[in-house]
Amino acid sequence: MTRDILRIGSGLAALVILTAARPSSSPAQSDSAAAPARSDTVRIGLDEAIARALHDNPGLQATAQQARAADRTAAAAFRQHFGDLEAVAWTSRYDDAQLLRPMSQDLLAGGFASLPFAQDQLHYGLTFELPLFVGGKLLALSHLARLKADEAGALLEGTRWQVRANVTTTYATTQVLTAATRAYRDELASLEQTHARVDLMVRQGKRPEVDLLEITDALEEARAQLADARAARTHVRALLLALLDYPPDQIFAFDSLPDRMPALPVTGVDWNALVLDAAPVATAEIRVRQATSGKHAARADFLPRLSVRGNLLEHAGSGVPGTQETWELTLQASIPVFTGGRNVAEYQSAAAAERAARLALTQTRLQQQAEMRGALARFRAAQDALDAAGRRVAAADEAARIEGVRYDNGAGTVEDLLRARARAAAAEAFLAKSKGDVLGTAAQINALVEQEIVR
C-alpha cells in the first residue's frame, strides 16, 4: 500500500510534465526538516515557483517565440497586397557592340548609324509589380496566416496555465515524497529500536526468535521503502528544477504546503461554458477557420488574375555619350485553362481538410467536457480523502501507541505491533498525498478553464 503511494506520487508529476528533464540525484539533497539549509540553498515557496516558471521556463519561452514568429509571418503575408518595388542593376560585356536599349521608332529617326551600340553595358533602375486581382488568393492566404498567429497565441496562453499546473503538481508531489520519506525514516528508527530490544529479549529467553525474524523482515522492508521514496523524490525534484530552469544539482529547501486548501466556488458555475472558452477548443475552432481559408485559396486558382508591372531603367555603355532612359508599364491578365486536374485535386483536398477540422472540433469539445467532469470528480474525491486522512493519522498513531504498550507488557503480538506501525507510517504518507492531490487537481481544473477559479 505504501509503495503504491510512492508510485502514484512520482507518476503523477511525470505524466503532466511538458518540458523534458533528465532525473538526477545529489547526495547533498536532503529533507528540509532533517538538516539546516546551507548558505547556497535556494528556499522557494509554491507561489514563487509558479512565478519563476512563468518567467523563465524554456519551453514556455520557446512557445512565446513561436507565437511572435507566427505574428510576423501574418504581417508579411498581409503586406503582399502592397506589391514589390526593387532596385536592379546588371552589367554585361559582349563579343561585339550590341544595341544598348530596346529599339524604338525615335531611335530609327536618325538612321541605323546613330543607334546606341556598345560592347560594355550597364543597366540600372527600378522595377515594380502590383497584384490587382488574384481571385482572392492573397486575401485568403493573409487570413490564413493571421489565423495561425491567433492559434499560436491561444496555444501560448494555454501553455502558461499548463505550466502553472505542472509546477503545482510537481511541487506538491515533492512535498508528498518528502513527507513519505520522513514517515519511513521515523518508522525505520522505531523498528531499529524495537529490533534492538527484542534481540536482547531473545538472547535472554524472554521472546521467541521468530519475533526477531519478523521484526528483521519489517526492518529491511522499511529500509527498501525509504530508498524508493528518496529515489522518487530525487526524480520529481529534477523535473521541478527543469520547469524552473535551475541546474539539476541545485540544492533546494521547499516551503511546506499551505494549510488552507483550495475549494470550489460556492455559487453555481457553468463549467462546460468555461471549458469551451479555453485554448484547446478555441484552437480547434481556429483550425476550422484555417481550413476554410485554405479552401478559399484553392478555389482562387480557378479564377483569372490581373496585375500591373513596370520598370524605369537607365542604360549606359562604352562609347555612348550620357545615358539612355526607358520605362515600361504593363497590365497583364491570365486565365487558367488547363492544369492537368491539379487545381481540382487541390480544392478537393482543401474541402476534405475543412470537414476533418469540423469533426476534430466536435471531438475536442466532447473530450474537454469529459476532462472537466473527471477533474471535478477527482477534486471532490481528493477533498474527501483529505478529510479522512486527518482522522486516519490520529487513529493510526493512537493504535500504534497502544500496540507498543501491549507488546511491551506481553499482551500483544509482534505482528500486531508491526501492522500498527506500518499503518501509522502509511497514514502520514497518505495525508501528505491527499494534500498534494487537492492542490494538483485544483491546478488542473484551473488549467482546463484557464482561470484561477478554484482557489
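Every value quoted in this text rests on a predicted model; they were computed, and no experiment measured them. All values below were derived from every heavy atom in this structure, side-chain atoms included, with hydrogens, water molecules and symmetry-related copies excluded.
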J.: With a 3.5 Å cut-off and no angle check, do the side chains of Glu452 and Asn446 form a donor-acceptor pair?
T.: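 On atom types as modelled, these side chains do not qualify, holding no pair under 3.5 Å.
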J.: Can any side-chain N or O of Ser142 pair as donor or acceptor with the backbone N or O of Leu138 at less than 3.5 Å?
T.: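 Here the side-chain-to-backbone pair does not exist.
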J.: Pick one: which of Lys148, Lys295, Arg146, Glu151 meets side chain to side chain donor-acceptor pair (under 3.5 Å) with Gln290?
T.: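 It is Glu151, the one option of Lys148, Lys295, Arg146, Glu151 that forms the side chain to side chain donor-acceptor pair (under 3.5 Å) with Gln290.
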J.: Taking C-beta and beyond as the side chain, do Phe254 and Thr178 meet within less than 4.5 Å on heavy atoms?
T.: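 Answer no - side chains too far apart.
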J.: Indicate the ring-plane relationship of His81 and Phe78, choosing parallel, tilted or perpendicular according to the 30° and 60° boundaries.
T.: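 Tilted: the ring planes of His81 and Phe78 meet at 30° to 60°.
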J.: Please tell me if the side chains of Arg299 and Asn343 come closer than 4.5 Å, counting only heavy atoms from C-beta onward.
T.: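 Not touching, per the 4.5 Å side-chain cut-off.
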J.: Quick one, Arg182 with Asp186, criterion salt bridge (charged side-chain N to carboxylate O under 4.0 Å, His left out). Give me CA distance, side-chain angles, the key distance, then yes/no.
T.: CA-CA 6 Å; Arg182 187 164 48 246; Asp186 293 343; 5.7 Å; no
J.: Apply side chain to side chain contact (heavy atoms under 4.5 Å, CB included) to Leu244 and Tyr171, showing your working.
T.: CA-CA 11 Å; Leu244 303 183; Tyr171 191 97; over 6 Å; no
J.: Ignoring hydrogens and angles, tell me if any N or O in the side chain of Thr323 forms a donor-acceptor pair with the backbone of His315 under 3.5 Å.
T.: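 It does not hold such a pair.
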J.: Donor-acceptor check, side chain of Gln61 to backbone of His55, threshold 3.5 angstrom: yes or no?
T.: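 Flag set: sc Gln61 to bb His55 pair under 3.5 Å.
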J.: Measuring from Asp71:CG to Arg68:CZ, what's the distance to the nearest 0.5 Å?
T.: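 Answer rounded to 0.5 Å: 7.5 Å.
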J.: Taking atom CG as the centre, does Leu331 end up with more than 12 heavy-atom neighbours from other residues, nucleotides or ligands that are less than 6.0 angstrom away?
T.: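 Result for CG/Leu331: enclosed.
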J.: Does Glu325 form a side chain to side chain contact (heavy atoms under 4.5 Å, CB included) with Leu312? I'd like the steps, not just the answer.
T.: CA-CA 7 Å; Glu325 180 181 295; Leu312 176 63; 4.0 Å; yes
J.: If the threshold is 4.0 Å, N to carboxylate O, is there a salt bridge linking Asp384 and Arg380?
T.: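 Not counted as a salt bridge, because no side-chain N and carboxylate O are separated by less than 4.0 Å.
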J.: Say you draw a straight line from CG of Leu139 to CZ of Phe133; how long is it, rounded to the nearest 0.5 Å?
T.: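 Spacing of CG (Leu139) from CZ (Phe133) equals 10.5 Å.
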J.: Rounded at 0.5 Å granularity, tell me how far OG1 in Thr234 sits from CG in Leu177.
T.: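 The OG1 atom of Thr234 sits 9.5 Å away from the CG atom of Leu177.
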J.: Can you check whether Thr330 reaches Val308 side chain to side chain, under 4.5 Å on heavy atoms?
T.: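 Heavy-atom side-chain distance check fails, nothing below 4.5 Å.
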J.: Are the charged groups of Glu220 and Arg223 less than 4.0 angstrom apart, N to O?
T.: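 Salt bridge: yes.
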J.: Is it true that Arg164 and Glu450 make a salt bridge, defined as a side-chain N closer than 4.0 Å to a carboxylate O?
T.: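 No, Arg164 and Glu450 are not salt-bridged.
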J.: Please report the shortest heavy-atom distance between Ala279 and Gly158, naming the atom on each side.
T.: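 The answer is CB-CA, 3.8 Å.
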J.: Could you report the tightest heavy-atom contact between Asp245 and Asp56, atom names first, then the distance?
T.: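 The pair with the smallest heavy-atom distance is CB-O, 3.5 Å.
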J.: Would you find more than 12 non-hydrogen atoms of other residues, nucleotides or ligands less than 6.0 Å from Arg373 atom CZ?
T.: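 Count not over threshold, so no.
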J.: Should the heavy atoms of other residues, nucleotides or ligands under 6.0 Å from CH2 of Trp90 be counted, would the total exceed 12?
T.: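 Yes - once you tally the heavy atoms of other residues, nucleotides and ligands closer than 6.0 Å, there are more than 12.
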J.: Might you point out which heavy atoms bring Pro262 and Leu439 nearest each other, and give the distance in Å?
T.: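 Minimum heavy-atom separation between Pro262 and Leu439: CD-CD2, 3.6 Å.
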J.: CG/Leu366 to CD/Gln369 distance, rounded to the nearest 0.5 angstrom?
T.: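 So the gap between those two atoms works out to 6.0 Å.
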J.: So, taking the atom named CZ in Arg342 and the one named CG in Asp301, what distance separates them when rounded to the nearest 0.5 Å?
T.: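 Arg342 atom CZ to Asp301 atom CG measures 7.0 Å (nearest 0.5 Å).
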J.: If you measure from the Lys or Arg side-chain nitrogens to the Asp or Glu carboxylate oxygens, is any gap between Glu285 and Arg289 under 4.0 Å?
T.: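 No, Glu285 and Arg289 are not salt-bridged.
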J.: Can you name the closest pair of heavy atoms from Leu60 and Arg160 and give their distance?
T.: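 The answer is CD1-CG, 3.7 Å.
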J.: Quick check: are there more than 12 heavy atoms from other residues, nucleotides or ligands sitting under 6.0 Å from CZ of Phe117?
T.: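 More than 12 within 6.0 Å, yes.
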J.: Before you tell me yes or no, could you show the steps for Asp228 and Tyr184 under side chain to side chain contact (heavy atoms under 4.5 Å, CB included), namely the whole-Å CA-CA distance, both residues' side-chain angles and the distance that decides it to 0.1 Å?
T.: CA-CA 10 Å; Asp228 287 344; Tyr184 297 148; over 6 Å; no
J.: Could you walk me through whether Asp255 and Arg43 pass the side chain to side chain contact (heavy atoms under 4.5 Å, CB included) test, one step at a time?
T.: CA-CA 7 Å; Asp255 292 343; Arg43 174 168 289 280; 2.9 Å; yes
J.: Examine distances only and state if a side-chain atom of Ser318 and a backbone atom of Asp120 form a donor-acceptor pair shorter than 3.5 Å.
T.: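 Yes, Ser318 side chain to Asp120 backbone: donor-acceptor pair under 3.5 Å.
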J.: Between atom OG1 of Thr283 and atom CG of Asp150, what is the distance when rounded to the nearest 0.5 Å?
T.: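 CG of Asp150 is found 10.0 Å from OG1 of Thr283.
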J.: Closest approach of Ala447 and Trp161, non-hydrogen atoms and distance?
T.: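 The answer is CB-O, 3.7 Å.
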J.: Identify the two heavy atoms, one from Leu126 and one from Leu313, that lie closest to each other, and give their separation to 0.1 Å.
T.: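 Reported closest heavy-atom pair: N-CD2, 4.2 Å.
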J.: Between Glu354 and Arg358, is a salt bridge (charged side-chain N to carboxylate O under 4.0 Å, His left out) present by the stated rule, with each step listed?
T.: CA-CA 6 Å; Glu354 182 185 33; Arg358 294 187 184 280; 3.4 Å; yes
